[in-house]
Undergrad: 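One structure is given below, represented as structure tokens, and several questions about it will come after.
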Protein chains: 2
Amino acid sequence: MVTLAKVAEAAGVGESTVSRVLRNHGSFSRKTRDRVMEAVERLGYVPNRIAGTLASAGSRLVALVIPSLTNIVFADVLRGASGILEESQHQAVFSVTDYDPEKEEALVAAMLAWRPTAVMLAGFEHTESTVKMLRASGCRVVELLDLDGTALDLAVGFSNRAAGAASADFLLRRGYRRIGYVGHDPDRDTRAAKRFAGFRETLGAAGVPLVDREIHAGASSVESGRSGLERLLARTPDLDAVYFSNDDMALGGYFHCLAHGIPIPARLALFGHNGLDIGRVTPQPLSTIRTPRVVTGQVAAELVVADAPSQVVDLGFELIEGATA
Amino acid sequence: MVTLAKVAEAAGVGESTVSRVLRNHGSFSRKTRDRVMEAVERLGYVPNRIAGTLASAGSRLVALVIPSLTNIVFADVLRGASGILEESQHQAVFSVTDYDPEKEEALVAAMLAWRPTAVMLAGFEHTESTVKMLRASGCRVVELLDLDGTALDLAVGFSNRAAGAASADFLLRRGYRRIGYVGHDPDRDTRAAKRFAGFRETLGAAGVPLVDREIHAGASSVESGRSGLERLLARTPDLDAVYFSNDDMALGGYFHCLAHGIPIPARLALFGHNGLDIGRVTPQPLSTIRTPRVVTGQVAAELVVADAPSQVVDLGFELIEGATA
DNA sequence: AGATTTTTTGGCAGCGCTACCAATTTCAGT
DNA sequence: ACTGAAATTGGTAGCGCTGCCAAAAAATCT
């Protein structure tokens with residue numbers, strides 16, 4: 001293996017000189033620079049960041065602990081973050097919790113062992129032990145895509161509660177009164193649960209009851225949205241609008257209606273959440289709320305890179321009227 | 001910061017004893033084990049893997065360099081790989097190339113600085129310099145989702161060429177003769193280009209010409225599939241079947257037909273590639289080819305973890321008849 | 001030319017851990 | 001109790017790099 005010492009020897013200079021040249025830090029003459037670079041090229045030297053990190057403290061590693069990769073939402077956040085991190089010479093490390101707080105705890109512990117600059121997590125719901133570790137670690141913590149709770153350090157996203165409320169408000173203003181809900185596992189996906197809570201609260205405040213609901217036990221998917229709506233309608237045929245836990249679910253519902261000739265939104269209105277691209281290309285664009293997923297990742301990364309003080313950044317959301325409600 | 005030395009002191013034992021207990025390696029009495037663990041708990045010690053790796057060589061870091069996170073395909077591979085890696089105490093590190101070989105080169109260099117156990121890349125098309133670095137690094141290399149080319153070390157996936165050929169064969173057997181293609185940037189997505197090549201070859205062998213094609217310059221998306229089909233049909237209205245570069249594109253085409261009342265497959269047949277879940281929930285399930293994406297990630301990770309000898313693993317693919325062709 | 005400042009350079013002590021080896025303790029077996 | 005083997009333990013030399021400091025070289029000024 002080629003080490004810095006070998007490069008130094010080959011170039012006929014000291015180790016620290018090579019180190020300075022490679023990091024372009026401190027001073028050195030043009031001549032030695034060329035000599036060093038020549039040796040680096042010739043030997044095919046690749047610096048060892050493990051050693052570099054150990055010697056200098058800053059790891060420039062950012063840990064992303066996300067609930068799922070199936071859900072595009074987190075892939076979007078990852079994408080936003082990794083773009084910014086790359087620009088500033090940081091490395092993204094990630095793992096997937098499957099929406100399981102215990103697993104999150106284990107993964108955070110594993111991540112902390114790499115002494116990351118920052119750890120990014122989804123939401124505010126963590127085990128006690130996770131919080132304790134994070135606090136003790138001294139590294140920056142960013143909680144993403146949720147604002148309804150208390151932040152540990154940095155938080156970037158939007159209020160799910162408010163998004164749910166805005167969705168309800170929209171449906172009410174459109175005159176829908178017999179409203180149902182098709183959702184997925186609320187214990188795991190606490191952000192979806194918060195949206196639903198905000199949604200019901202707003203309905204309640206308007207004196208409109210939630211007529212019926214259908215909860216799929218597993219993760220959200222197009223198929224569970226489809227079958228969920230099917231079951232809901234079988235039980236309560238006279239609904240005039242359905243709120244879905246997210247766009248994947250809503251698309252499933254939309255396909256169900258298409259397949260069964262249920263006129264949308266005349267006979268039944270559909271409302272989703274997330275504003276996925278695909279929902280804008282369907283024959284009728286999906287009525288939904290567009291969430292700032294990529295930007296959330298970007299802003300989170302920027303804050304970490306800049307070592308910004310603790311703060312909560314509300315990126316808001318945007319209601320897309322669409323044509324399904 | 002709590003270090004191993006402090007734990008050793010607190011527990012009244014030597015450093016190496018703590019190290020052995022923590023790694024559960026070598027021998028130690030139950031009594032000292034308890035004493036060490038008590039100190040670890042009390043001080044909230046988290047081992048430093050940076051130091052550990054430097055001291056012991058094996059990093060247990062696996063680098064994933066993928067073209068895109070927008071395309072679910074790679075998120076699936078990531079998911080498959082990260083599941084297996086986690087089980088065996090490895091860490092996934094990733095970065096995104098945006099289908100740019102130059103960027104891939106830069107990212108591979110950055111990854112190699114972490115001395116990963118293995119580097120996983122998409123496909124066989126890499127710059128000369130990338131190949132050189134990879135070779136020199138001594139770490140395992142896995143090339144994913146492509147078999148049409150020469151592997152550097154390990155390769156896991158399926159033949160895109162064969163998938164394209166199978167798609168053409170299917171359409172021909174169904175009797176379609178006026179066939180068109182809607183695709184995306186073939187210079188970037190070389191695997192899509194290989195599918196298209198296999199597709200045309202098979203058509204050609206049957207004496208059936210490819211009537212027309214529409215290539216979108218950017219990345220694949222539902223919207224570019226929709227607009228691509230729209231343009232294709234405007235130019236060549238009498239097509240009876242269209243092959244798409246992937247399911248996202250095909251879904252866009254499907255939506256276009258739905259919106260314009262074009263009967264499927266009576267008037268126009270559609271065929272995609274990937275076998276995404278969503279394509280099975282549309283009113284008419286999409287005719288497509290299901291690719292082993294998650295399994296590709298899993299097998300790749302297993303091979304790396306087991307330090308298997310160089311080999312090529314063909315996971316094959318499965319044609320889904322669906323109802324759109 | 002000599003003195004002083006500035007730039008460039010090399011040496012070396014860690015960073016926190018693991019691997020190896022030698023020292024110590026424990027445990028059987030006589 | 002005594003010996004050899006087995007089980008435990010601690011000491012210490014790195015892993016490859018960076019940061020600090022002092023030495024050397026070059027540049028600038030009397």
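Quick note: numbers below take in every heavy atom, side chains included, and nothing from hydrogens, waters or symmetry partners. Each chain gets a letter, A, B and so on, in the order its sequence line appears, and its residues count up from 1.
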Undergrad: Mark yes or no for whether B:T291, through its side chain, and B:R293, through its backbone, hold a donor-acceptor pair below 3.5 Å.
TA: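 Answer holds: no.
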Undergrad: Using whole Å, report how far NE2 of B:H25 lies from C1' of D:dT9.
TA: 15 Å
Undergrad: Checking contacts here: which listed nucleotide (D:dC17, D:dT9, C:dT18) is nearest the side-chain heavy atoms of B:E15?
TA: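 Between D:dC17, D:dT9, C:dT18, the one nearest the side chain of B:E15 would be C:dT18.
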Undergrad: Evaluate side chain to side chain donor-acceptor pair (under 3.5 Å) for B:H90 paired with B:R60, printing each intermediate quantity in order.
TA: CA-CA 5 Å; B:H90 288 251; B:R60 291 183 162 272; 3.3 Å; yes
Undergrad: Please determine whether any donor N or O and acceptor N or O are separated by less than 3.5 Å between the side chain of A:S16 and the base of C:dG11.
TA: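 Result: at least one qualifying N/O pair found.
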Undergrad: Under 4.0 Å, heavy atoms only, any strand: does B:T53 hit a base, just the sugar-phosphate, or nothing?
TA: nothing
Undergrad: Within this structure, what is the CG-to-C1' distance between A:L54 and C:dG16, rounded to whole angstrom?
TA: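 The distance from CG of A:L54 to C1' of C:dG16 comes to 6 Å, rounded to the nearest Å.
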Undergrad: Roughly how many Å is it from CG in A:L4 to P in D:dT18, rounded to a whole number?
TA: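 For the pair A:L4 CG and D:dT18 P, the rounded distance is 6 Å.
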Undergrad: Tell me if the side-chain of A:R20 makes a donor-acceptor pair with the base of C:dG10, cut-off 3.5 Å, by modelled atom types.
TA: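 Under the 3.5 Å cut-off, the side chain and the base do form a donor-acceptor pair.
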Undergrad: Expressed in angstrom and rounded to an integer, what is the separation of B:K6 atom NZ from C:dC17 atom C1'?
TA: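 It is 14 Å, rounded to the nearest whole Å.
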Undergrad: Salt-bridge test for B:K132 and B:E128: reply yes if a basic N is under 4.0 Å from a carboxylate O, no otherwise.
TA: no
Undergrad: Strictly below 4.0 Å, N to O, side chains only: are A:E15 and A:K6 in salt-bridge contact?
TA: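 Judged by the 4.0 Å cut-off on N to carboxylate O distance, A:E15 and A:K6 do not form a salt bridge.
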Undergrad: Answer yes or no: is there an ion pair linking B:R140 with B:D153, defined by an N-O contact shorter than 4.0 Å?
TA: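 Salt bridge between B:R140 and B:D153, a charged N being under 4.0 Å from a carboxylate O: yes.
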Undergrad: How close or far is atom P of C:dT18 from atom CG of B:N48, stated in whole angstroms?
TA: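 After rounding, the reported distance stands at 9 Å.
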Undergrad: Taking only N and O in the side chain of B:R23, is any of them less than 4.0 Å away from OP1 or OP2 of C:dT18?
TA: yes
Undergrad: Of the nucleotides D:dT9, C:dG10, D:dG10, which one has an atom closest to the side chain of A:V13?
TA: C:dG10
Undergrad: To the side chain of A:S27, which of C:dG14, C:dT8, C:dC17 is closest?
TA: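 Closest nucleotide among those given: C:dT8.
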Undergrad: In whole Å, I'd like the distance from the CE atom of A:M1 to the C1' atom of D:dC17.
TA: 15 Å
Undergrad: Which part of the nucleic acid does A:S29 contact within heavy-atom distance under 4.0 Å: base, sugar-phosphate only, or nothing?
TA: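 Sugar-phosphate, no base atom in range.
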Undergrad: What nucleic acid atoms does A:T3 come within less than 4.0 Å of, heavy atoms only: base, sugar-phosphate, or nothing?
TA: sugar-phosphate
Undergrad: Both B:R33 and B:S56 contact DNA chain D. Taking the nearest nucleotide for each, which residue is further toward the 5' end?
TA: B:R33
Undergrad: Return the value, rounded to whole Å, for the distance between atom CD1 of A:I50 and atom C1' of C:dT18.
TA: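 In whole Å, C:dT18 C1' and A:I50 CD1 are 14 Å from each other.
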Undergrad: What is the distance, rounded to the nearest whole Å, between atom CZ of B:R49 and atom P of C:dT18?
TA: 10 Å
Undergrad: To the side chain of B:F28, which of D:dT9, C:dC17, C:dT9 is closest?
TA: D:dT9
